[in-house]
Colleague: 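Take this structure, written in C-alpha cells, and hold onto it; I'll ask about it next.
A, B, ... follow the sequence lines: proteins, then strands. Residue 1 opens every chain.
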Number of protein chains: 2
Amino acid sequence: MTSKEGYILETQAGHLLRRAHQRHSAIFQENIGESQLTPLQFAALVKLRDLEEVSQNHLGRLTAMDAATMQGVIKRLASRGLIERRPDPNDRRRLILSLSAEGKACIDAIIQNGSGITAQTLAPLSSSEQKIFLDLLTKLAQMNGNGD
Amino acid sequence: MTSKEGYILETQAGHLLRRAHQRHSAIFQENIGESQLTPLQFAALVKLRDLEEVSQNHLGRLTAMDAATMQGVIKRLASRGLIERRPDPNDRRRLILSLSAEGKACIDAIIQNGSGITAQTLAPLSSSEQKIFLDLLTKLAQMNGNGD
DNA sequence: CCTAGATTATTCGTACACAAACGAATATTT
DNA sequence: AAATATTCGTTTGTGTACGAATAATCTAGG
C-alpha cells in the first residue's frame, strides 16, 4: 500500500522551492505597481543603482543571470528607456550599462515597495522564524565555488 | 553612504528563493541521468504514478502548473511515449492521462534518485536545520485559499 | 428545455532560464 | 610577434511560467 507512496512530491525541497518562488512572484506582481517591472528587471535596476556603471556580463553575475538571460532583460529595459548602453573605451567587447534619468527616477520611486514585498512574502512566518528561514535559505542559495 | 544601500538585493527573500531554486535545478540535472527529464516532467510522472489516471488540468493543479504550462509538459512527455492520452467518455472536454509502459518503467527506475536530489539540495544544512527549513518553506509555499 | 455561467484543453504573446555555438576582442603562453 | 586560451555580447533552440483569448462542453437556475 505504501509501495508507491515512498516518494511524496509535496515534501520535496525542489517542489516547495518552486511553489514558494511562484507565490513570491505573484506577490511581487501585485505590489510592483504600474511600472510593470518583472523581478529580474527590478533586480538589475537595483544593482545598477548601487554601482552606477557595470558591464553587462558583470551585472549578470551580480544578479545571478546568465549571459543569454541578461541580454534579454537589458534589451527590454533599454527599449523602455530605463537604462543606457555605451561601449567601453578600454575594452571594445564590453557594454557599459547605467541608469537613465527615467530609470533612476523609476527605481528610486519603487524601491521602497521592495521591503514590503519581502515582508509580505515572509508574512506566514513569525519574526524569529523569518530570521531563521532567511539564514538557512542563504546557505542553500550559495553556489559551490564562485561568486565573482 | 548608506543612502542607496538601504535595499540589499542579496538579502531579499525573492532573490534568495530564485537562487536556491537555480541551485536545486542544477543538482537535479546532474542527478537525473540519461532520461533527461526536467523537474516538471519528473513531477508530472511521479503524480501520475501515484494516481494511475487523472485529467490534464487536475494533474496541473496537483503539481502547481497552470493549464498552459501543463499542456506543454504533457505534449513533450507524450511525444516521448512516456504517457498516454485518451478522451474521458464521461466528459468530452477532458483528456485522461496515464503512464505508458515505458513511462512507468522510466519513473520506477528513476524515482530513487529523487530523495538523493533533495538530500543534496539540503546538504549545506544540518539534519535539524533541514527539518526546520522544510517546515518553514512549506508554510511559505502555501497559496491563499486553494489547493484542490 | 434552455440560457447564463463555469470548466477543459489549446493557442498566442511575453518573459525568464540556460546550454551551445558564434564572431570579435582581449589575455596568456610559447 | 604568433599561437592559444579566455572573455564579451549575441543568437538559436528547448523548456518553463503565466495572462488572455478561444471553441467545445458541461452544469445550474429559471
Colleague: Can you check whether A:Leu48's main-chain N or O pairs, donor with acceptor, with A:Glu52's side chain at less than 3.5 Å?
Modeller: no
Colleague: Is B:Glu10 salt-bridged to A:Lys47, going by a charged N under 4.0 Å from an acidic O?
Modeller: yes
Colleague: Specify the separation, in whole Å, of atom CZ of B:Arg19 and atom C1' of C:dA17.
Modeller: 14 Å
Colleague: CZ of B:Arg85 to CD1 of B:Ile74: how many Å apart, nearest 0.5 Å?
Modeller: 7.5 Å
Colleague: Heavy-atom nearest nucleotide on DNA chain C for A:His21 versus B:Gln56: which residue maps closer to 5'?
Modeller: B:Gln56
Colleague: Out of curiosity, B:Leu17 CG to B:Gln22 CD, how far, rounded to the nearest 0.5 Å?
Modeller: 11.5 Å
Colleague: In whole angstrom, what separates B:His58's NE2 from C:dT8's C1'?
Modeller: 14 Å
Colleague: Quickly work out the B:Leu59 CG to C:dT10 P distance and round it to whole Å.
Modeller: 13 Å
Colleague: Relative to the ring of B:Phe42, is the ring of B:Phe28 parallel (under 30°), tilted (30 to 60°) or perpendicular (over 60°)?
Modeller: perpendicular
Colleague: For DNA chain D, which nucleotides open and close the run of contacts to chain B, 5' to 3', at under 4.0 angstrom from a non-hydrogen atom?
Modeller: D:dG15 to D:dC26
Colleague: Rounded to whole angstrom units, what separation is found between the CZ atom of B:Arg94 and the C1' atom of C:dT10?
Modeller: 17 Å
Colleague: Rounded to the Å, how far apart are A:Asn57 CG and C:dA25 P?
Modeller: 16 Å
Colleague: Between the base of C:dT7 and the side chain of B:Arg93, is there any donor-acceptor pair under 3.5 Å?
Modeller: yes
Colleague: Which comes earlier along DNA chain D counting from the 5' end, the contact point of A:Ser25 or that of B:Asn90, where each point is its nearest nucleotide?
Modeller: A:Ser25
Colleague: For the CD atom of B:Gln29 and the CD1 atom of B:Ile117, what is their distance to the nearest 0.5 Å?
Modeller: 10.5 Å
Colleague: Could you tell me how far apart B:Leu17 (CG) and C:dC16 (C1') are, to the nearest whole angstrom?
Modeller: 16 Å
Colleague: When all nucleic acid strands are considered with a 4.0 Å heavy-atom cut-off, which category describes A:Ser55: base, sugar-phosphate, or nothing?
Modeller: sugar-phosphate
Colleague: Rounded to whole angstrom units, what separation is found between the CZ atom of B:Arg86 and the C1' atom of C:dT8?
Modeller: 16 Å
Colleague: From B:Leu82 CG over to B:Leu45 CG, what is the distance, rounded to the nearest 0.5 angstrom?
Modeller: 6.0 Å
Colleague: Hey, is CD on A:Glu102 packed in by over 12 heavy atoms from elsewhere, all under 6.0 Å?
Modeller: yes
Colleague: Counting only heavy atoms and a strict 4.0 angstrom limit, can you tell me which residues of residues 68-78 of chain A come near DNA chain D?
Modeller: A:Ala68, A:Gln71
Colleague: May I ask you to decide if A:Thr121's main-chain N or O and A:Arg23's side chain share a donor-acceptor pair within less than 3.5 Å?
Modeller: yes
Colleague: With a non-hydrogen cut-off below 4.0 angstrom, is A:Asp91 in contact with a base, only sugar-phosphate, or nothing?
Modeller: sugar-phosphate
Colleague: Let's see if you get this right: which residues in residues 30-46 of chain B place a heavy atom under 4.0 Å from DNA chain D?
Modeller: B:Thr38, B:Leu40, B:Gln41
Colleague: When you compare the side chain of B:Arg76 with that of B:Arg80, does any pair of heavy atoms fall below 4.5 Å?
Modeller: no
Colleague: Keeping B:Arg18 on the side-chain end and A:Ala64 on the backbone end, is there a donor-acceptor pair under 3.5 Å?
Modeller: yes
Colleague: Within the distance-only criterion (no hydrogens, no angle test), does the side chain of B:Glu53 pair as donor or acceptor with the backbone N or O of B:Ser98 below 3.5 angstrom?
Modeller: no
